Amino acid sequence: MSGASNKITDDELNALILRLGTLLPQLNHGRHGRASPSTTKILKETCSYIRRLQKEVDDLSERLLQCLDSMDITSSDAEFLTNLLQQ
């Protein structure tokens with residue numbers, strides 16, 4: 001298989017970036033009739049959104065660990081929950 005067949009065109013890339021922009025709540029909220037945001041803004045907002053989501057996951061993981069530590073559970077239950085959360 002040739003590597004050239006996997007290349008994406010500029011039009012395809014722009015379409016993907018615009019579609020990505022529709023997934024971002026901060027760009028998608030209240031956009032009735034406004035012009036599309038720039039590619040740069042979409043990519044910056046995407047990175048920012050991913051960082052916020054990662055922080056949220058980290059915070060929730062920490063809270064869950066604190067809850068598990070305060071509960072009276074068996075080691076097999078703890079192992080089960082740990083394996084479940086790592087999936």
Side-chain angles (χ1 to χ4, degrees):
M1 180 189 309
S2 168
S5 65
N6 292 330
K7 287 192 176 189
I8 188 168
T9 67
D10 287 345
D11 288 340
E12 290 170 325
L13 182 59
N14 287 333
L16 288 170
I17 290 172
L18 288 176
R19 207 162 79 196
L20 178 62
T22 65
L23 300 174
L24 299 171
Q26 62 272 29
L27 291 180
N28 202 22
H29 183 69
R31 297 208 21 91
H32 304 291
R34 287 207 231 147
S36 296
S38 70
T39 297
T40 301
K41 180 159 180 75
I42 291 172
L43 293 175
K44 282 182 179 180
E45 290 295 331
T46 299
C47 291
S48 176
Y49 187 55
I50 290 170
R51 282 191 292 275
R52 282 193 308 274
L53 289 175
Q54 185 60 56
K55 182 176 179 349
E56 197 172 321
V57 166
D58 291 344
D59 291 346
L60 290 171
S61 295
E62 182 62 32
R63 284 179 54 197
L64 181 59
L65 284 174
Q66 290 172 357
C67 288
L68 288 175
D69 285 344
S70 68
M71 294 174 63
D72 186 22
I73 59 174
T74 66
S75 60
S76 61
D77 288 340
E79 183 179 345
F80 171 76
L81 288 171
T82 302
N83 290 335
L84 182 66
L85 293 171
Q86 290 176 348
Q87 294 180 6

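Since this is a predicted model, take the numbers as computed values, not measurements.
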Task: Contacts of Arg51 that satisfy side chain to side chain contact (heavy atoms under 4.5 Å, CB included) - sequence neighbours left out - done: Cys47, Ser48
Open item on the list: Once rounded to the nearest 0.5 Å, what's the spacing between atom CG of Leu64 and atom CD of Glu62?
Closed with: 9.5 Å
Task: Value rounded to 0.5 Å, distance of CD in Glu45 from CG in Leu20 - done: 11.0 Å
- [ ] With rounding to the nearest 0.5 Å, note down the distance linking CG in Leu60 to CG in Leu65.
- [x] 11.0 Å
Task: All salt bridge (Lys or Arg N to Asp or Glu O under 4.0 Å) counterparts of Lys44, not counting sequence neighbours - done: none
Task: Listed once per pair and sorted, the side chain to side chain donor-acceptor pair (under 3.5 Å) pairs that draw on residues 9-21, sequence neighbours left out - done: Thr9-Glu12
Open item on the list: Nearest 0.5 angstrom please: Leu16 CG to Ile42 CD1, how far?
Closed with: 11.0 Å
Open item on the list: Just to verify, what does Asp59 make a salt bridge (Lys or Arg N to Asp or Glu O under 4.0 Å) with, not counting sequence neighbours?
Closed with: Lys55
Open item on the list: Let me check something: do Leu13 and Leu24 share a hydrophobic cluster, defined by ILVMFWY side-chain heavy atoms less than 4.5 Å apart, either directly or through other members?
Closed with: yes
Open item on the list: Run the side chain to side chain donor-acceptor pair (under 3.5 Å) test against Glu56 and tell me which residues pass, sequence neighbours left out.
Closed with: none
TODO: Using side chain to side chain contact (heavy atoms under 4.5 Å, CB included) as the criterion, list what pairs up with Ile50, not counting sequence neighbours.
DONE: Thr46
